[in-house]
Peer 1: 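Pasting a structure below so you can have a look.
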Amino acid sequence: GSAWALTGGFGSGPFSVTASYGRRSPDGGGDFNTYGGTVSFRLLGGGLLPVSVAPQIGVGYAKVGGFTDVEIPIGVGFAVSMPLFPIKPWIAPRVQLSRFSGGGVPSANATSYGVSVGANFNLLLGLGFHAAVDMLKLSKDLDPLQPTVTTIGVGAHFNFHLPMGM
């Protein structure tokens, strides 16, 4: 199928927060909306230090028919940002907690493991592009065959900074 999303974020110093809205159109129909957000805190990096480390937690929500899906990814992001080099690679392994409910069946909880890998390409004046691959190894509680779900994403972004002077 296909999907699109719109994400906005705010960062100040080492702290950042995002909010997202998306629309998924799986093959075979049954379009649905998704909502989510993340919080991140950079422990290491910034300035002239080319490597950053940031613990992250998020929440995602979708309601499909009579079923509700809540996802809580907990991970850490690692990024490389060389001064004057426009390509910024990153990797973010995670544990993903899932809760499914509704549809007249008992609620189910599951723990899966995943990793996202990508790069940002930043141009002058705030415009940039990004691409990522996400792989999620599903829990046996979700699927006894434990397949890996792979998602590929590409997009554009714009960063703007407010003057911070006294």
Side-chain angles (χ1 to χ4, degrees), residues 1-46 51-81 88-120 128 130-157 159:
S2 63
W4 64 266
L6 181 61
T7 299
F10 173 79
S12 180
F15 176 77
S16 68
V17 62
T18 67
S20 299
Y21 166 77
R23 180 93 174 152
R24 293 189 60 181
S25 300
D27 289 340
D31 296 2
F32 61 95
N33 298 321
T34 62
Y35 307 90
T38 63
V39 174
S40 179
F41 187 83
R42 187 178 62 237
L43 291 178
L44 177 71
V51 176
S52 63
V53 178
Q56 309 170 40
I57 187 167
V59 64
Y61 171 87
K63 188 163 190 169
V64 183
F67 293 94
T68 300
D69 175 16
V70 177
E71 302 286 336
I72 301 174
I74 303 167
V76 62
F78 302 92
V80 177
S81 182
K88 315 295 185 199
W90 55 267
I91 185 168
R94 71 183 181 282
V95 172
Q96 187 153 316
L97 309 174
S98 304
R99 179 163 179 84
F100 300 95
S101 59
V105 296
S107 297
N109 298 318
T111 303
S112 301
Y113 302 93
V115 64
S116 298
V117 179
N120 298 340
H130 50 268
V133 175
D134 180 78
M135 294 163 283
L136 181 65
K137 180 74 168 177
L138 294 179
S139 164
K140 284 191 287 187
D141 297 331
L142 297 177
D143 190 322
L145 300 177
Q146 288 187 283
T148 299
V149 177
T150 302
T151 305
I152 299 171
V154 295
H157 59 266
N159 293 318

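Since the structure is predicted, the reported quantities are computational estimates derived from the model, not experimental observations.
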Peer 1: Test of understanding: with side-chain contact (heavy atoms from CB on, under 4.5 Å), list the residues that count as partners of P55, not counting sequence neighbours.
Peer 2: L43
Peer 1: Are V76 and V53 close enough that some pair of their side-chain heavy atoms sits under 4.5 Å apart?
Peer 2: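 Side-chain contact under 4.5 Å: yes.
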Peer 1: What pairs of residues pass the salt bridge (Lys or Arg N to Asp or Glu O under 4.0 Å) test when at least one of them lies in residues 91-112, not counting sequence neighbours?
Peer 2: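 Sorted pair list: R94-D134.
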Peer 1: In chain order, what residues pass the side-chain hydrogen bond (donor to acceptor under 3.5 Å, both in side chains) check against T151, with sequence neighbours excluded?
Peer 2: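 Result, side-chain hydrogen bond (donor to acceptor under 3.5 Å, both in side chains) vs T151: none returned.
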Peer 1: For Y21 and Y35, I'd like to know if the aromatic rings sit close, meaning centre-to-centre distance below 6.0 Å.
Peer 2: yes
Peer 1: Looking at CG of D31 and OG of S2, how far apart are the two atoms once the value is rounded to the nearest 0.5 Å?
Peer 2: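 Answer for the CG-OG pair, D31 versus S2, is 7.5 Å.
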Peer 1: With sequence neighbours left out, what residues match R42 under salt bridge (Lys or Arg N to Asp or Glu O under 4.0 Å)?
Peer 2: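 Expected list: none.
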Peer 1: Count the heavy atoms of every other residue, nucleotide or ligand shown that sit under 6.0 Å from NZ of K137, and state whether that count exceeds 12.
Peer 2: yes
Peer 1: Any chance you could lay out the side-chain contact (heavy atoms from CB on, under 4.5 Å) test for L138 and T148, step after step, and finish with the verdict?
Peer 2: CA-CA 6 Å; L138 294 179; T148 299; over 6 Å; no
Peer 1: Quick one: side-chain contact (heavy atoms from CB on, under 4.5 Å) partners of A132, sequence neighbours excluded?
Peer 2: W90
Peer 1: Who pairs with S20 by side-chain hydrogen bond (donor to acceptor under 3.5 Å, both in side chains), at least two apart in sequence or on another chain?
Peer 2: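 Expected list: T7.
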Peer 1: Judged by atom type as modelled, is there a donor-acceptor pair below 3.5 Å linking the side chain of S112 to the main-chain atoms of S139?
Peer 2: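 Between the backbone of S139 and the side chain of S112 there is a qualifying donor-acceptor contact (under 3.5 Å).
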Peer 1: Let me have the donor-acceptor pairs involving side chains of residues 65-73, under 3.5 Å, with sequence neighbours excluded, atom names and distances please.
Peer 2:
from	atom 1	to	atom 2	distance (Å)
E71	OE1	Q96	NE2	2.9
E71	OE1	S98	OG	2.6
E71	OE2	S98	OG	3.3

Peer 1: Applying side-chain hydrogen bond (donor to acceptor under 3.5 Å, both in side chains), can you list everything that pairs with T18, at least two apart in sequence or on another chain?
Peer 2: T38
Peer 1: Go through the structure and list residues passing side-chain contact (heavy atoms from CB on, under 4.5 Å) with H130, not counting sequence neighbours.
Peer 2: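 Partners of H130 under the side-chain contact (heavy atoms from CB on, under 4.5 Å) test: N120, H157.
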Peer 1: What's the separation between atom CG in L97 and atom CG in N109, rounded to the nearest 0.5 Å?
Peer 2: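 Going from CG on L97 over to CG on N109, the span is 8.5 Å.
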Peer 1: Output all residues satisfying side-chain hydrogen bond (donor to acceptor under 3.5 Å, both in side chains) with Y113, sequence neighbours left out; order by chain, then residue number.
Peer 2: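 Not a single residue meets the side-chain hydrogen bond (donor to acceptor under 3.5 Å, both in side chains) criterion with Y113.
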Peer 1: What residues, two or more places apart in sequence or in another chain, satisfy side-chain contact (heavy atoms from CB on, under 4.5 Å) together with R24?
Peer 2: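 Partners of R24 under the side-chain contact (heavy atoms from CB on, under 4.5 Å) test: A3, F32, T34.
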